[in-house]
Structures are given as C-alpha cells and as structure tokens.
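Following: one structure in structure tokens, then a few remarks.
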Amino acid sequence: MCGYKVREWPGGDVMSAAAEVRRATTPQDLFQAAGEEIIRAANDAVAQRGRFTIALSGGSTPKNLYTLIAANASATLPWDQMFFFWGDERHVPLDDADSNYRMAKESLLSKAPIPPANIFPVPAENPDVSAAAEAYEQTIRKFFGLKPGEFPRFDLILLGMGPDGHTAGLFPETQALQEKSRLVVANWVEKLKTSRITFTLPVLNAARCVAFLVSGIDKAPALHEIFEGNAPGDKYPSKLVHPSEGRLIWFVDRAAASELSIAA
Ligand code: 6PG
C-alpha cells in the first residue's frame, strides 16, 4: 500500500490517496473514534439519501464498539433509517455462541430502537452453506434493486483483520479471493475446517466507505505487511480492500500499529 498518513486520536487531521489511518492511543479511544465516524456517516447518508446501509463485522474486536454505540449514541443516530447487514458470518445457527449476528444483537441491536425489518442477518442456520450464501446474495440484490452485474454500494462496511491478514471471511489463498461476479459466497477455510459466508472483494470495493477496526499487538506483523510489506494480496487479503470510489479508513490502536515505520 503506497502513501498513507496517520491521524492521531485524539489529535489533528491528515488524509491521503490510498488510506486514512487513525491511530488511537488506547482501544477505548479506538472505539470512540470509530463510533463518532459511524454517527457522522449515518447522519450524512440519511441527509443525502434518506437511509444508511451498514455491514457489521464479526469477531471479538467490534463488540466494544457496538456496546459503546448502544450506550452513548441512542439519541444521535437515525435508527429508523438505518439498515443492518453482515460482511461475513460463521456457518452456525443465529443463536450460537459463535454467531456474528448474536454478538451484534446482544451488544447493540437489542439495545437500540431499530425496526426489526431493518435487520438482515445471514441465513446461516441453513445446513446447505452455499444455499445460505446464495439466499443472502438475493436478499442484498433485492434490497438495493440491483440489475445483473451490478454491485451494492453500502454506505459503510466495517471490517476486522486477523493476525494472518484475513478480513471478513476472506482468508489467505482461499477460493473466494478470485470471485469477480458474486456478492456473497461460501468460502471453505481449510485451517478452520469450516466455511465462512462472506462478502466478496467486489462488494467491499464498491462501498462508499470501508472502515477497518484493528486492535492488539497480535495484529502488528500483519498490519506492517499490509502497509509496508511486499507480500501478494492473496497472502494478506486485507491488502486487496481498496474502495474504487470510496473512503478507506483504518482505525488502529498503538499496539496494532507498533511495527509500522510511523510507530514512534
Ligand atoms: C469473523 C470476522 C473476522 C474478524 C477477524 C478479526 O467472523 O471472525 O468477520 O474477519 O474480523 O477474524 O477477529 P478479532 O476481532 O476477533 O481479532
């Protein structure tokens, strides 16, 4: 990734061509910064287009962000005009402890006045994982009114990153990285011996804004590789996320950014 600069949080403003990196001193500052960005983006989208479409990420990192938003933002968000999707889901029932939907429901969705019709979980309870992915793709095509070959333009897609550089259900050297036309696929992940139901790269790169949330020292080597390394994208899939007509924001904390040349 060429040309990135850093915005210290709390602190001054800096933008760049490829990516905006917002480095937070603590994880709590990180969630505060991301929360404020979501509030700003939601109100902007509703003011301009009458609705805000957001795809939530799973894993452990965003849970504190969702909790913070539920606790602090209830009055400042246009909940009626907000529409919730998931960038990826584990192939488990929605009430399973591993479900990304369940995590979001418990930390945010059940605590905010969101109309149930505005929430679109992945139908991951379907034992046929490919059918679940296909069904979710049809849900998204219908919601956005897409013609064949068109991709949805989410207002905001939240992503995490694994220590191996994976994001959403897009793991290193997996089939889904080659997908050019589907919106959602079932991606077999050999090292996990399971499939993830995941947005494809064309969907991520069609978004108005993609925001990564990366916290912790275990993410530092991959973050270094993504910003300053030469490894190919299929080895570090987060490298392949570049919205073609949108913003790319990396919310990182000091620990995660500790191997970047700007670490000082
Ligand atoms: C998931 C995610 C996945 C996650 C990363 C980071 O379903 O697990 O979508 O891509 O964002 O694995 O996970 P942590 O936040 O738990 O480190």
Side-chain angles (χ1 to χ4, degrees), residues 9-10 22-90 92-125 136 139-140 143 154-161 167-168 197 199 207-216 219 247 249-253 255-256:
W9 189 267
R22 302 205 186 159
R23 184 173 60 180
T25 309
T26 66
Q28 207 47 36
D29 292 334
L30 182 78
F31 303 129
Q32 185 70 35
E36 290 177 2
E37 181 61 32
I38 291 172
I39 293 167
R40 191 203 57 70
N43 287 301
D44 270 16
V46 168
Q48 290 165 34
R49 292 177 292 278
R51 72 180 189 185
F52 177 64
T53 54
I54 180 169
L56 300 177
S57 64
S60 56
T61 305
K63 187 172 183 176
N64 291 327
L65 167 64
Y66 301 159
T67 304
L68 188 76
I69 292 172
N72 299 320
S74 216
T76 53
L77 278 168
W79 298 108
D80 284 350
Q81 286 104 347
M82 295 177 68
F83 297 86
F84 295 85
F85 295 80
W86 278 258
D88 82 306
E89 185 57 279
R90 290 91 181 266
V92 294
L94 297 183
D95 60 359
D96 188 282
D98 272 349
S99 165
N100 288 337
Y101 166 77
R102 177 176 161 180
M103 182 271 277
K105 182 181 174 201
E106 290 174 351
S107 55
L108 173 62
L109 306 175
S110 62
K111 299 178 177 165
I114 304 164
N118 290 20
I119 301 173
F120 298 87
V122 176
E125 68 285 352
Y136 202 49
T139 297
I140 293 168
F143 178 88
F154 281 92
D155 292 306
L156 180 60
I157 298 181
L158 291 179
L159 292 175
M161 184 195 74
T167 189
I197 301 159
F199 281 3
R208 284 194 174 84
C209 182
V210 171
F212 279 91
L213 207 66
V214 183
S215 171
K219 307 290 174 69
R247 295 173 65 200
I249 311 173
W250 285 78
F251 290 98
V252 300
D253 64 12

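Since this is a predicted model, take the numbers as computed values, not measurements.
Partners of D253 according to the side chain to side chain donor-acceptor pair (under 3.5 Å) rule, which considers only residues two or more places apart in sequence or in another chain, are S215. Residues satisfying the ring pair (Phe, Tyr, Trp, His ring centres under 6.0 Å) test with F83, not counting sequence neighbours, are F143. Residues satisfying the side chain to side chain donor-acceptor pair (under 3.5 Å) criterion with Q28, sequence neighbours excluded, are absent altogether. Applying the side chain to side chain donor-acceptor pair (under 3.5 Å) test to D44 and every residue at least two apart in sequence or in another chain returns R40. Residues that satisfy the side-chain contact (heavy atoms from CB on, under 4.5 Å) test with P115, not counting sequence neighbours, are D80, N118. Partners of E125 under the salt bridge (charged side-chain N to carboxylate O under 4.0 Å, His left out) rule, at least two apart in sequence or in another chain, do not exist in this structure.
Interatomic distance, K111 NZ to I69 CD1, rounded to the nearest 0.5 Å: 12.0 Å. With values rounded to the nearest 0.5 angstrom, T67 atom OG1 is found 10.0 Å from E106 atom CD. Here OG of S107 is found 11.0 Å from CG of L68. Values are rounded to the nearest 0.5 Å. Atom CZ of R208 and atom OG1 of T53 lie 7.0 Å apart (nearest 0.5 Å).
Between the side chains of D96 and S99, not a single donor N or O lies within less than 3.5 Å of an accepting N or O.
When all heavy atoms of S57 and L159 are compared, the closest pair comes out as CB-CA, 3.8 Å. The nearest pair of heavy atoms linking P62 to M103 is CG-CE, 3.9 Å.
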Side chain to side chain contact (heavy atoms under 4.5 Å, CB included) between L77 and I39, worked out: CA-CA 6 Å; L77 278 168; I39 293 167; 4.0 Å; yes
Salt bridge (charged side-chain N to carboxylate O under 4.0 Å, His left out) between E37 and R247, worked out: CA-CA 12 Å; E37 181 61 32; R247 295 173 65 200; 3.1 Å; yes
Pair F199-D88, side chain to side chain contact (heavy atoms under 4.5 Å, CB included): steps then yes or no: CA-CA 6 Å; F199 281 3; D88 82 306; over 6 Å; no
Stepwise side chain to side chain contact (heavy atoms under 4.5 Å, CB included) check, V214 with F251: CA-CA 6 Å; V214 183; F251 290 98; over 6 Å; no
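For S110 (side chain) and K105 (main-chain N/O), a donor-acceptor pair under 3.5 Å exists by modelled atom type. Panel note: side chain N43, backbone T76; a donor-acceptor pair is recorded below 3.5 Å. Remark: the backbone N or O of M161 is paired with a side-chain donor or acceptor of K219 at under 3.5 angstrom. A donor-acceptor pair is defined here as one N or O able to donate and one able to accept, closer than 3.5 Å; such a pair exists between the side chain of T167 and the backbone of G160. Judged purely by atom type and a 3.5 angstrom limit, Y66 has no side-chain atom pairing as donor or acceptor with the backbone of L109.
Taking 4.5 Å as the limit, every side-chain heavy atom of L158 sits out of range of all side-chain heavy atoms of L213. Within the 4.5 Å cutoff, the side chain of F212 has no heavy atoms near those of the I249 side chain. At a threshold of 4.5 Å between non-hydrogen side-chain atoms, the residues R90 and N100 count as touching. Annotation: side chain of P121 is in contact with side chain of I119 (closest heavy-atom distance under 4.5 Å). Contact check for T25 versus L30: no side-chain heavy atoms found under the 4.5 Å cut-off.
Among residue pairs with one or both ends in residues 95-119, those qualifying as ring pair (Phe, Tyr, Trp, His ring centres under 6.0 Å) are W86-Y101; sequence neighbours excluded. Residue pairs meeting the salt bridge (Lys or Arg N to Asp or Glu O under 4.0 Å) criterion with at least one partner in residues 47-58, sequence neighbours excluded, are R49-D155. Residue pairs meeting the ring pair (Phe, Tyr, Trp, His ring centres under 6.0 Å) criterion with at least one partner in residues 29-57, sequence neighbours excluded, do not occur; the list is empty.
A salt bridge is absent between E89 and R102: the closest approach of a Lys/Arg side-chain nitrogen to an acidic carboxylate oxygen does not fall below 4.0 angstrom.
Between F85 and F154, the ring centre distance stays below 6.0 Å.
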